[in-house]
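Note sheet for the following structure.
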Amino acid sequence: MLNLQTITPLWGETPRVDRFNGLTITEVPNQALASLALRKGREDEGRKAAEAMLGFALPEVGRHAAEGLYAASWFAQDQWLISAETSEHELMSYQLVDAVAGLASVTEQTDGWCRFDLEGMCRGVFERLSGVNLAAMEAGSATRALLEHLSCMVICFETASHYSVLGPRSYARSLHHALVTAARSAL
Amino acid sequence: MGFGIAPISVETDRFHELGAIKEKNAMSYSGLRVIREALNGQRGWKPAWRNPEPKPNYDIIVIGGGGHGLATAHYLVTKYGEKSIAVVEKGWIGSGNAGRNTTIVRGDYTLPPNTRFYDHSVGLWEKMERELNFNVMHSQRGVLFLHHNDAERDDHYRKTNIMRMQGTDGEILGPEKLRKMYPSMNFDGRFPITGAYLHRRGGTARHDAVVWGYARSADRRGVDILQNCEVTGFRIEQGKVLGIETTHGFIGAKKVGVSVAGNTSRVMDMAGIRTPIESHVLQAFVSEGLKPIIPGQVNYGAGHFYISQSDKGGLVMGGDLDKYNSCAQRGNLPVFESVIEAAVTLFPMLSRARLLRAWGGLQDMTMDGHAVIDETPIKGLYLNGGWCYGGFKATPAAGECFAHLLSTEQPHELAKPYRLDRFRTGYLLDEKGQGPNPNRQ
Amino acid sequence: MIINHPLLGPRDRQEFTYLGDACLIDRPGWQAEDAMDQFFEYVYLRDDPAGEHRELWYHEHGDRSWLVVTRNTVTHEITNVELASDVARKQGRSK
Amino acid sequence: MTQSNRLNGGLINRGKPLNFNFDGRTYQGYEGDTLASALMANGVRFLGRSFKYHRPRGIFTAGSEEPNALVELRSGARQEPNTRATVAELYEGLVACSQNYKGSLRYDLLALNDLFSDILSAGFYYKTFMWPAAFWEKVYEPIIRSAAGLGRLSGEDDPDEYEKGFLHCDLLVIGGGPAGLMAALTAGRAGANVILADEDCRFGGRLNVEQEDVDGKPAVEWVEQAVAELTAMDNVRLMPRSTAMGAFDHGIYGVVERVQDHLHTPVEGKPRQTLWRVYSKRAILCAGATERPIVFPDNDRPGVMLAGSMRAYANRWAATPARMVAVFTNNDDGHRTAVDLMAKGVDVTAIVDARLDAPTLTGVRLISGAHVIGTKGRHGLSSIRVRQADGREETLACGALGVSGGWNPNVHLTCHQGGRPVWNESIAAFVPGQNIPVGMSVAGAAKGLFSTEDALRSGAEEALAALEILGIAASALKLPRAVNSAYNLQPLYHVPHGKGRAWLDLQNDVTVKDVKLAHQENYRSVEHLKRYTTLGMGTDQGKTANVNALAIMAELTGKSIPETGTTIFRPPYTPVTLGTIGGRTVGKHFHPTRETPTDKWAREHNAPFDIAGDWMRARWFPQPGETHWRQSADREACNVRKNVGICDVTTLGKIDVQGADAASFLNRVYANGFAKLAVGKVRYGIMLREDGACYDDGTAARLAEEHFVITTTTANAGAVLRNMEFARQCLWPDMDVQLISTTEAWAQYAIAGPKSRELLQRIVDSEFDISNEAFPFMACGSVTLCGGLRARLFRISFSGELAYELAVPTRYGDALWRRMLELGRGLGVAPYGLEALDIMRIEKGHPTGRELDGRATALMLGMGRMVSRKKDSIGSTLDQREGLTDPNGLRLVGLKPVNQSEVITAGSQLVNETAPVQIDSEQGHVTSACISPHLGHSIGMAYLKGGDQRMGEIIRVVDPVRGTDVKVQVISTHFFDPEGGRLRA
């Protein structure tokens with residue numbers, strides 16, 4: 001029985017929440033993440049195998065898809081970021097490996113990222129952080145973007161009002177600082 | 001041809017200053033002369049250089065009326081006794097990098113060939129005013145390079161040690177001394193400052209004045225400076241250059257020296273020669289005029305940033321290349337931002353000063369970060385280029401070495417390491433260790 | 001500057017890292033007689049034109065794809081952007 | 001304080017008086033005033049001193065082109081030099097001071113310069129101060145420098161915040177005058193995303209300062225209606241107080257918004273100013289025009305100003321520079337000034353009109369065909385001297401003179417990408433040329449269309465054209481009725497008559513005579529002229545001076561103005577506060593910061609940190625009683641060699657490499673072979689650049705047949721991934737390889753020392769056998785810890801001891817670290833930092849960034865044999881060049897002092913035993929050095945010429961800067977346990 005305590009990217013035992021007039025920024029630590037990259041020449045088989053396990057079609061360029069336990073975001077050419085709740089899917093990457101063995105490469109990314117969810121008035125925050133027009137993203141789209149000098153992954157659930165921002169975990173405090181400073185200024 | 005005026009020696013020069021010599025050197029500059037002219041309504045001032053028509057032939061043509069080209073002409077007459085020389089310039093003299101740099105003069109290099117060359121250059125800068133009888137406002141206010149950890153500090157020890165062994169100055173300062181020199185500097189930014197090296201002989205000079213001073217000196221000694229005369233091609237027969245085609249027609253020459261930093265690739269291409277050079281934009285920035293607040297020249301390695309204050313009061317700032325090949329003498333916003341971010345990080349008070357003007361110079365970037373002074377595969381055609389970031393401070397030494405090469409057809413001792421074939425042989429001069437890529441981030 | 005990424009659309013230049021002339025795709029064979037000369041030219045010599053320039057950009061802060069961008073070095077106008085892997089294959093590179 | 005020069009009407013709020021202080025005296029103005037208009041209303045004419053001769057200076061314009069009325073605004077750390085009083089909005093409690101004088105503004109010691117102006121003519125300093133040589137540095141320059149500059153910085157840290165942001169739009173409209181408003185209305189109604197930016201706090205441009213009707217109502221009312229309509233549109237963003245400072249590639253504009261400059265102090269957390277990077281599909285430049293003066297003798301006295309500005313002060317700000325004024329013009333627009341001021345009850349002595357056929361006006365004396373040839377008034381204008389057409393001269397009393405020499409379109413942004421304006425004879429001014437920035441069009445006065453009617457029409461037309469290109473359907477709006485006033489300019493740039501200096505550049509004190517001198521000395525190209533005389537180099541960039549100077553040079557050379565040249569405009573349009581361009585990316589946030597999994601623990605234990613790229617790494621962990629870093633570092637290092645130490649090595653780059661071709665791919669990016677590496681094994685590898693330099697090293701562990709994880713140095717993690725992606729996509733696009741960084745996904749710790757296995761055995765779950773036999777040196781595999789935590793174990797060593805690296809998911813890193821310290825207590829476990837790590841790697845002769853300096857080849861590093869010649873790998877051809885294989889080239893060697901009490905310092909140079917300390921005897925340099933706690937003396941790693949052939953030789957380590965000169969012996973870099981027995985224990 002595992003007897004080690006985990007810690008969030010912001011060094012907390014519980015996730016950090018920041019509330020502003022019209023916006024909430026929440027640290028979301030418990031996400032199992034893995035990248036799935038199709039093998040050359042085996043693209044179709046790899047895609048089928050992965051979709052069989054996930055239960056939905058891998059999203060096209062710039063899109064995000066979620067159904068049941070899993071979610072998937074386009075990450076790069078023939079590559080996706082797959083996610084699920086850690087609580088029941090700590091070992092998701094292993095399950096993926098079994099599902100696509102030899103057809104796609106799977107790399108665990110669970111602790112490679114920190115994630116902040118923004119709910120409320122997001123436009124002003126994004127205007128101050130990224131050259132990509134994130135406030136105009138369609139619901140269900142996902143994109144790589146530079147936020148205040150950090151390469152991030154941004155997923156839009158609702159245009160201008162509900163997003164996930166994933167950044168490199170070791171930069172968590174810098175990314176958080178950028179988000180809350182922008183929010184304080186914008187709101 | 002020529003005015004037949006003997007090269008001015010330092011001795012006679014002091015007499016000009018005393019105003020003792022009248023008619024013979026009616027054109028020479030001095031304090032008394034300035035006063036005399038003030039009294040007779042400035043009527044006596046002659047053109048600083050003529051606008052001659054091109055002659056059909058010259059012994060030596062230097063392409064490029066920038067600091068290097070004009071310094072080359074100056075040394076060809078004063079040091080090598082050449083008599084038939086033209087400098088051709090496609091625009092107005094000094095319109096290239098000579099008029100678009102951040103005016104820094106220093107001799108602090110780590111690799112011995114560079115240490116020797118730039119120290120010699122600083123020596124020539126120190127004599128320039130009297131050699132040219134023109135005040136280029138060379139000001140040795142000290143150049144400071146900050147370091148942020150032990151590794152950088154040790155690199156600075158290595159550099160200052162070799163500089164001392166060359167016989168120039170260099171010392172390492174701790175934070176205490178630094179704070180005294182720059183009380184408004186922020187030592188505790190993202191990259192805390194743990195010390196710096198100080199190169200006291202380093203400083204700045206008035207860039208345009210260098211061009212005008214060399215032009216006037218060369219012109220007085222008969223060099224034809226042909227402005228608005230663009231080179232359109234070379235006349236080459238049996239692998240030997242016979243002259244140049246220009247917008248003013250053909251001009252014959254026994255030897256042609258190319259000194260067109262920023263356009264080297266294109267000009268050499270006219271001669272069918274491919275070079276290990278890329279053209280890049282380096283932007284520079286100047287603030288509104290402010291009362292003196294930054295005494296010396298400061299380099300902030302962690303921010304790829306440098307700053308000094310001109311005699312007019314403007315803060316002159318620079319940073320990184322825009323990092324893409326470009327022949328447009330202008331840059332883009334990201335470099336504005338990165339440079340000013342560093343400026344405000346280093347000197348927080350600067351956030352209340354204003355940026356007055358930005359401009360871009362065309363850099364000849366070679367594949368090892370250092371220059372070429374050499375003959376080319378074409379007989380009679382010589383190249384001085386690829387100066388990367390070091391062109392302005394190299395002006396007098398590059399001019400002397402290039403003049404030596406053009407006149408004697410032998411490389412100057414100091415320029416031997418700057419051969420074109422070093423890229424093939426592997427005897428590189430990669431001071432920064434960044435390899436064959438000017439854009440390394 | 002804005003680069004129109006073939007997959008992601010217009011992106012600010014700051015998301016990219018620049019390498020240089022696209023001729024760097026054409027890496028010589030190591031066993032050629034004159035391999036040394038070929039590598040010397042490949043690594044060091046450049047056309048450096050004033051005008052149209054095919055060059056390599058890396059989407060470092062994006063999807064990590066290498067692009068071949070056709071850009072005018074005088075006007076900075078970009079007329080074409082391709083995935084470098086496609087270009088490389090077209091130029092006969094495989095394994 | 002009475003507002004003696006306050007008129008009736010105007011767009012100021014008399015219900016809201018504001019108190020302010022200038023040069024220590026308090027005054028009152030109204031909401032809506034600028035500092036300039038308020039001072040003018042209070043009868044203050046003398047505001048500052050010019051740059052060179054310290055001549056008295058007053059208000060010259062009503063806008064951002066102001067060359068004269070510069071003040072130090074605010075006080076203390078917020079003091080802001082060179083602020084144009086003409087655009088500084090008045091607020092309650094404003095404090096400002098005049099600048100650039102010694103003594104007092106009125107009695108300025110440096111005004112003496114003016115007496116010597118004949119000597120201090122253009123370029124005089126190039127001609128003197130050369131002898132004696134030492135005097136330039138010691139005497140002349142310090143004097144010149146002390147007089148340099150205009151305003152002062154406080155020298156204190158600026159307390160305000162600044163910000164940057166990004167906006168996207170279909171259409172950016174620059175300037176909110178008649179043309180800009182019409183363009184925005186047209187595009188806004190069509191549903192396009194529009195941004196309308198104006199540098200003024202109030203939209204309307206000239207419509208705010210003219211007495212005219214638009215659409216049958218006062219212009220100001222029409223403006224208010226238009227602004228109200230635009231405000232109501234969701235698709236339109238109105239940006240007042242926002243200057244488009246630059247036009248950059250591909251439709252990107254820099255727009256500076258002065259968010260809180262009109263307030264006494266900014267609100268906490270909100271920026272003072274914001275730099276917006278606007279991404280526009282199209283842009284319309286509606287920046288209007290700037291009036292230019294006619295140059296005449298003594299034209300620089302306070303009270304002499306631009307006619308259009310004089311009118312602006314009267315109409316918008318209800319202020320006049322004097323109760324009796326005159327006008328000097330060469331066009332009809334000048335007449336409007338006289339008319340409007342008379343309407344406000346100001347006496348107009350006369351209109352001096354240079355045109356013989358000037359149209360007459362009722363109610364004012366018009367002197368046509370006449371010139372102003374001189375002025376009087378020490379600290380402000382008292383009278384002007386007029387020369388009539390027939391040569392007769394007379395003196396007219398007046399407290400102010402409005403001068404109009406015509407208007408110059410504000411073409412600046414059209415030139416920011418190398419475009420050149422072209423000369424338009426009919427208005428005698430430069431207008432936008434052909435190659436203006438892609439996506440930009442120009443409307444209104446900026447295009448040379450000066451009447452309100454034309455401005456409105458062209459604004460609408462350009463908007464329609466832009467919308468068509470954008471594919472947005474739009475219909476033409478009904479154009480509001482507006483005046484089409486005549487202009488009728490007869491060019492006159494400077495008055496040929498009269499004595500005294502005629503001033504071109506009022507800030508830098510450049511006179512007509514200076515231009516003549518420049519011409520005489522052959523500084524004739526426009527750029528030479530500017531650089532020699534400093535014309536147009538001031539804070540106003542010569543906005544009101546350049547064209548006149550150009551015209552004078554044209555006269556002198558006998559060429560036309562366009563032949564003589566144009567002046568080039570570069571960003572910024574008007575000076576921009578540096579803080580704005582820095583935004584929030586300054587100070588501690590200049591770069592983002594990366595934290596390792598043990599960052600919290602390290603801070604709890606007061607570890608000092610070092611910067612490695614963006615990472616913060618602990619250098620050592622001080623114990624009570626330790627006062628010098630070496631005490632801590634030596635203790636940590638010794639403990640590793642004696643017991644066991646743990647070190648956070650998470651910062652090393654980690655790249656996951658998978659695919660059928662993974663092995664053959666690594667075989668090409670590493671110089672040494674990897675194809676035959678067995679699963680479950682790790683191998684050290686070096687990576688070369690294509691030019692043969694060794695730029696990175698690390699380990700590659702084969703976790704499965706088609707799965708590797710490689711490590712890179714901390715500094716090169718990004719570059720290695722970039723280069724591997726380049727190889728994968730550009731060189732061998734059909735190889736089946738997938739790459740992704742996993743650097744931060746794993747917390748990675750080195751566990752080193754004779755007792756490291758014991759420590760591991762206490763945390764690794766018992767089902768895993770990590771005995772020496774089961775898990776030998778260079779083995780790797782998966783294990784579980786502490787009851788099931790998934791981990792990767794590598795048996796590799798940087799310290800030279802029996803050692804492992806253990807990787808666990810990062811979120812467990814902090815807990816695992818603490819657990820190891822707890823379980824290892826009985827074994828004497830202690831953490832060690834960078835310094836101990838460095839000591840031990842030097843003792844083992846392992847290279848780091850100090851040796852991998854970008855010039856080093858494998859051969860130089862003593863790893864020449866690692867570069868396989870049996871395969872193709874990056875760099876393995878050019879590293880065989882003569883210069884890189886020269887037997888006398890630098891080689892990495894070890895050094896130890898002959899006298900063991902002496903110390904080798906990194907950064908020292910090498911010379912032969914008896915050689916002099918000079919550059920020609922240089923033999924190499926010391927890259928790394930430490931005092932080895934295990935050997936008990938100083939050791940160093942160095943690059944020495946032909947070093948591999950010189951083992952045992954005695955040479956010297958010299959350090960002139962620190963004044964040391966040490967005899968050393970050349971030895972192998974494997975100072976400690978050269979056989980490596982301890983690794984395999």
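Each chain gets a letter, A, B and so on, in the order its sequence line appears, and its residues count up from 1. Excluded from the calculations below are hydrogen atoms, water molecules and symmetry mates; all remaining heavy atoms, backbone and side chain alike, are included.
Rounded to the nearest 0.5 Å, atoms CG (D/Leu578) and CD (B/Glu288) are 9.0 Å apart. To the nearest 0.5 Å, atom CD of residue D/Gln99 and atom CG of residue B/Leu290 are 9.0 Å apart. Summarising the geometry, atom CD1 belonging to D/Ile581 is positioned 4.5 Å from atom CG belonging to B/Leu355; distances are rounded to the nearest 0.5 Å. Atom CD1 in D/Ile119 sits 7.0 Å away from atom CG in B/Leu39 (nearest 0.5 Å). Taking OG1 from B/Thr425 and CG from D/Leu884, the interatomic distance works out to 8.5 Å, rounded to the nearest 0.5 Å. Taking CG of B/Leu333 as the reference point, atom CG of D/Leu275 lies at 5.5 Å (rounded to 0.5 Å).
Only the side chain of D/His925 comes within contact range of chain B, judged by heavy atoms closer than 4.5 Å. With a 4.5 Å cut-off on non-hydrogen atoms, B/Asp188 touches chain D through its backbone and its side chain both. For D/Ala906, the parts sitting under 4.5 Å from any heavy atom of chain B are the backbone and the side chain alike. Of the atoms belonging to B/Arg357, heavy atoms from both backbone and side chain fall under 4.5 Å from chain D. For chain D, the nearby part of B/Ala302 is the backbone; its heavy atoms alone come within less than 4.5 Å. Both the backbone and the side chain of B/Asp150 come within contact range of chain D, with heavy atoms under 4.5 Å apart. In this structure, chain B has a heavy atom under 4.5 Å from the backbone of D/His416, while its side chain stays farther away. For D/Gln880, no part lies under 4.5 angstrom from a heavy atom of chain B. With a threshold of 4.5 angstrom between heavy atoms, D/Ala147 approaches chain B through N, CA, C or O but not through any side-chain atom. At a 4.5 Å heavy-atom cutoff, the contact between B/Gln309 and chain D is made by backbone and side-chain atoms alike. Interface remark: D/Pro592 contributes backbone atoms only to the contact with chain B (heavy atom separation under 4.5 Å). Only the side chain of D/Asp610 comes within contact range of chain B, judged by heavy atoms closer than 4.5 Å. With a 4.5 angstrom heavy-atom cutoff, B/Pro295 touches chain D only via backbone atoms. With a 4.5 Å cut-off on non-hydrogen atoms, B/Arg153 does not touch chain D at all. Of the atoms belonging to D/Gln417, heavy atoms from both backbone and side chain fall under 4.5 Å from chain B. Both the backbone and the side chain of B/Ala353 have a heavy atom closer than 4.5 Å to some heavy atom of chain D. Using a 4.5 Å cut-off between heavy atoms, D/Tyr162 touches chain B through its side chain atoms alone.
The side-chain heavy atoms of D/Glu922 and B/Gln166, taken from C-beta on, include no pair separated by under 4.5 Å. In this structure, the side chains of B/Tyr427 and D/Arg881 stay at 4.5 Å or more apart for every pair of heavy atoms. B/Arg354 places none of its side-chain heavy atoms less than 4.5 Å from the side chain of D/Thr574. Side-chain atoms of D/Pro571 and B/Arg330, non-hydrogen and from C-beta on, never get closer than 4.5 Å to each other. A 4.5 Å side-chain heavy-atom check between D/Asn508 and B/Lys312 finds at least one atom pair inside the cut-off.
Legend: residues meeting salt bridge (charged side-chain N to carboxylate O under 4.0 Å, His left out) with D/Arg584, ordered by chain and number and at least two apart, are D/Glu161, D/Glu163.
D/His528 and B/Ile93 make their closest contact through NE2-O, 2.8 Å (heavy atoms, listed as atom of the first residue, atom of the second, distance). Counting all heavy atoms, side chain and backbone alike, B/Leu356 lies closest to D/Pro572 at O-CD, 3.3 Å. Closest approach of B/Gly433 and D/Arg689 over heavy atoms only: O-NH1, 3.3 Å. Nearest approach of D/Tyr523 to B/Ala48, heavy atoms of both residues: OH-CB, 3.6 Å. Here the closest non-hydrogen pair linking D/Thr585 and B/Thr345 is O-OG1, 4.2 Å. Closest approach of B/Pro292 to D/Ala148, counting heavy atoms only: CD-O, 4.1 Å.
We find that B/Arg352 and D/Asp158 are joined by a salt bridge, their nearest charged nitrogen and carboxylate oxygen being less than 4.0 Å apart. A salt bridge does not link D/Glu882 to B/Arg424: none of the charged nitrogens lies less than 4.0 Å from a carboxylate oxygen. A salt bridge links B/Arg141 and D/Glu141; the closest N-O separation between the charged side-chain nitrogens and carboxylate oxygens is under 4.0 Å. Between D/Lys164 and B/Glu341 there is a salt bridge, since a side-chain N of the basic residue sits under 4.0 Å from a carboxylate O of the acidic one. The pair B/Arg116-D/Asp920 counts as a salt bridge, with a side-chain nitrogen and a carboxylate oxygen less than 4.0 angstrom apart.
Remark: the D/Asp157 side chain and the B/Asn186 side chain contain no N/O donor-acceptor pair separated by less than 3.5 Å.
The list of salt bridge (Lys or Arg N to Asp or Glu O under 4.0 Å) pairs with a residue in residues 154-168 of chain B, not counting sequence neighbours, reads B/Asp154-D/Arg850.
Classified by interplanar angle (parallel below 30°, tilted 30° to 60°, perpendicular above 60°), the ring pair B/Trp212/D/Tyr532 is perpendicular.
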